[in-house]
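Hydrogens, waters and symmetry mates are skipped; everything else that's a heavy atom, side chains included, is used. Predicted model, so just to flag it, every value in this text is computed and none were measured.
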Amino acid sequence: MIVDDDPVVREILSSSLSEHGYQVKACEDGEQMNALLREFPADIVLLDIRLPGTDGLALTRYLRAQSDIGIILVTRLDDEVDRIIGLEIGADDYIAKPFNLREVRARVGALMRRISAVGRSDISETIRFGDWALNLATQRLRRIDGEEIRLTPGEYQVLACLVQRPQKLTTREHVIAMGSVSLSEESLDVLISRLRRKLGDNHRNPQLIQTVHGQGYVFVPAPY
């Protein structure tokens, strides 16, 4: 699903993705997006931040509260603050205008592989740590009281990488390289912050995910 008020951008993205095998729907604002999603559920939304009416950040909050749909924000090069906010509230990735179509396809493909892996996985292992259980097949995080915490594909990728290397230094480069979601140094910082918040890990004195400055992270609890 492409949501952009510029008809030229919609046409360029639609043509490029359609030519590479994707089924694409396009619209110009949030109201049309919601109507289309009811009729044509999508795996991924490419969402322009600067939309008329309800902007892309507000739509990101709405979508993330409703589902695990993949969200890639389309931003301007100078929209750094908006990009960070978008990642903090649940977007999985972003691309900047003017964009390279090959990069767009690469980022869409990477996120699609991560989402599709849930349905293909035959892994039944659940990793438990502290008050939490992470299921590697469903990519679901649950508290021992049964409450489910929604994870975006990017959040799952980072957490799964860390919990499988307990009490060991995991470099930033390793975390970025291990998964199929495209991560940058900037987005990794945001994802770590989001995970700490969801896990109730004090960011000033984290007990679960500790930062080793200049190197990476250590996942402290021993899984059981």
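- Within the 4.5 Å cutoff, the side chain of F99 has heavy atoms near those of the L13 side chain.
- To the nearest 0.5 angstrom, D5 atom CG is 5.5 Å from L51 atom CG.
- Nearest heavy-atom pair, A26 versus L36, reported as atom, atom and distance to 0.1 Å: O-CD1, 3.8 Å.
- Checking side-chain atoms of Q210 against main-chain N and O of P206 turns up a donor-acceptor pair under 3.5 Å.
- Here the shortest heavy-atom pairing between E173 and Q215 reads OE1-O, 4.4 Å.
- You'll find the side chain of L162 reaches within 4.5 Å of the side chain of I192, heavy atoms only.
- Note on L47 and Y62: same hydrophobic cluster, where clusters join Ile, Leu, Val, Met, Phe, Trp and Tyr whose side-chain heavy atoms are under 4.5 Å apart, directly or indirectly.
- Of the possible polar contacts, one joining the R64 side chain to the I69 backbone as a donor-acceptor pair under 3.5 Å is found.
- Put simply, the side chain of Q164 gets close to the backbone of A160: a donor and an acceptor are under 3.5 Å apart.
- In terms of hydrophobic clustering, with Ile, Leu, Val, Met, Phe, Trp and Tyr side chains grouped at heavy-atom distances under 4.5 Å, L191 and L169 are assigned to different clusters.
- Cluster annotation: I85 is connected to V3 through the hydrophobic network of ILVMFWY side chains, with a link wherever side-chain heavy atoms come within less than 4.5 Å.
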Step by step, would you call D82 with R76 a salt bridge (charged side-chain N to carboxylate O under 4.0 Å, His left out)? CA-CA 9 Å; D82 284 345; R76 298 190 319 197; over 6 Å; no
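- Here the closest non-hydrogen pair linking A91 and T60 is N-CG2, 3.9 Å.
- Under the 3.5 Å distance criterion, with hydrogens and angles disregarded, a donor-acceptor pair is assigned to the side chains of R172 and Y217.
- Annotation: the span from H20 atom NE2 to R102 atom CZ amounts to 9.5 Å, rounded to 0.5 Å.
- Two residues are said to be in side-chain contact when any heavy atoms from C-beta on lie closer than 4.5 Å; L73 and I95 fail this criterion.
- With contacts defined as side-chain heavy-atom distances shorter than 4.5 Å, the pair D43/M112 qualifies.
- Proximity of a side-chain donor or acceptor of Q66 to a complementary backbone N or O of L63 within less than 3.5 Å is not detected.
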As a quick check of understanding, evaluate salt bridge (charged side-chain N to carboxylate O under 4.0 Å, His left out) for D48 and K97, giving each step before the final call. CA-CA 10 Å; D48 187 23; K97 296 180 181 180; 3.7 Å; yes
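- Summarising the local packing, CD of E80 is surrounded by 12 or fewer heavy atoms from other residues, nucleotides or ligands at distances under 6.0 Å.
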Passes side-chain contact (heavy atoms from CB on, under 4.5 Å), L134 versus Y156? Steps please. CA-CA 9 Å; L134 179 67; Y156 168 78; 4.1 Å; yes
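- A heavy-atom distance below 4.5 Å is not found between the side chains of T54 and D29.
- The pair R150-D68 counts as a salt bridge, with a side-chain nitrogen and a carboxylate oxygen less than 4.0 angstrom apart.
- Cluster membership check: L159 does not share its hydrophobic cluster with V220, using side-chain heavy-atom separations under 4.5 Å among Ile, Leu, Val, Met, Phe, Trp and Tyr.
- Interatomic distance, Y22 OH to S16 OG, rounded to the nearest 0.5 Å: 9.5 Å.
- One distance of note links CG of L141 with CG of L199; it measures 6.0 Å at 0.5 Å rounding.
- The shortest side-chain heavy-atom distance between K25 and E39 does not fall under the 4.5 Å cut-off.
- In this structure a side-chain-to-backbone donor-acceptor pair under 3.5 Å is missing from E147 to R143.
- Under the 3.5 Å distance criterion, the side-chain polar atoms of Q167 are left unmatched by any main-chain donor or acceptor of R165.
- Taking both residues in full, the closest heavy atoms of P221 and L208 are given as CG-CD2, 3.3 Å, listed atom of the first, atom of the second, then distance.
- Remark: the backbone N or O of T126 is not paired with any side-chain donor or acceptor of N135 at under 3.5 angstrom.
- In this structure, R140 pairs ionically with E148, as a charged nitrogen and a carboxylate oxygen lie closer than 4.0 Å.
- Under 4.0 Å is where a charged nitrogen must lie from a carboxylate oxygen, and between D4 and R10 no such pair does.
- Looking at heavy atoms from C-beta onward, I2 lies out of side-chain contact with C27 at the 4.5 angstrom threshold.
- Between the side chain of D201 and the main chain of I209, a donor-acceptor pair closer than 3.5 Å is present.
- Side chains of S15 and E19: no donor on one and acceptor on the other come within 3.5 Å.
- Taking both residues in full, the closest heavy atoms of I144 and W132 are given as CG2-N, 4.2 Å, listed atom of the first, atom of the second, then distance.
- Taken together through direct or relayed side-chain contacts under 4.5 Å among Ile, Leu, Val, Met, Phe, Trp and Tyr, V218 and V158 form parts of separate hydrophobic clusters.
- Between I49 and R83, the shortest heavy-atom distance links the atoms CD1-N, 4.4 Å.
- In this structure, I84 and D189 have side chains that are not in contact, with every pair of non-hydrogen atoms separated by 4.5 Å or more.
- Expressed to the nearest 0.5 Å, how far CZ of R196 lies from CZ of R204 amounts to 12.5 Å.
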